[in-house]
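Take a look at the structure set out below.
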Amino acid sequence: MSVLITMPVLYTLSFMLAWFFVNIWCAVIYALMLPWLGLFAWYYWKCTVRIWQDIRYRNADRAGRISPLTELRDKIYERLNNLINKNE
């Protein structure tokens, strides 16, 4: 809810500051580019998080922490399947 208030205020403030310190045309271009730059930053952040997740997974796999977890997951699935099949 606070984003609905703060984002327009901050966009307006940044537009006014760009107009005051540079000129009106740069401020207009800056204001028109803000939503697109925000989308770019959002997708860039999501991509960065995926890359870090992949790096952490590979490091954990090299350290040998992944195989016990996959074995535990397989055992849990097997127990759940046995419970489901027993109740049918």
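Numbers for residues simply follow the sequence, beginning at 1.
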With a 4.0 Å cut-off on N to O distance, would you call D54 and R50 a salt bridge?
no
Quick one: pull up [atom1] in [X] and [atom2] in [Y] and give me the separation to the nearest 0.5 Å.
X   : Y   : atom1 : atom2 : answer
R73 : E71 : CZ    : CD    : 10.5 Å
R56 : R65 : CZ    : CZ    : 9.0 Å
W19 : W25 : CH2   : CH2   : 11.0 Å

Determine, using the 4.5 Å side-chain heavy-atom cutoff (strictly less than), whether V3 and Y11 are members of one ILVMFWY cluster.
yes
Same cluster for W36 and I29 if Ile/Leu/Val/Met/Phe/Trp/Tyr side chains link at under 4.5 Å?
no
For the residue pair T70 and S67, what are the closest heavy atoms and their distance?
OG1-O, 2.8 Å
side-chain contact (heavy atoms from CB on, under 4.5 Å), paired with [X], selected from [options]:
X   : options            : result
F15 : L32, L10, I24, L34 : I24
I51 : V49, I55, T48      : I55
E78 : N82, N81, I76      : N82

Side chains of N59 and R62 in contact at under 4.5 Å (non-hydrogen atoms):
yes
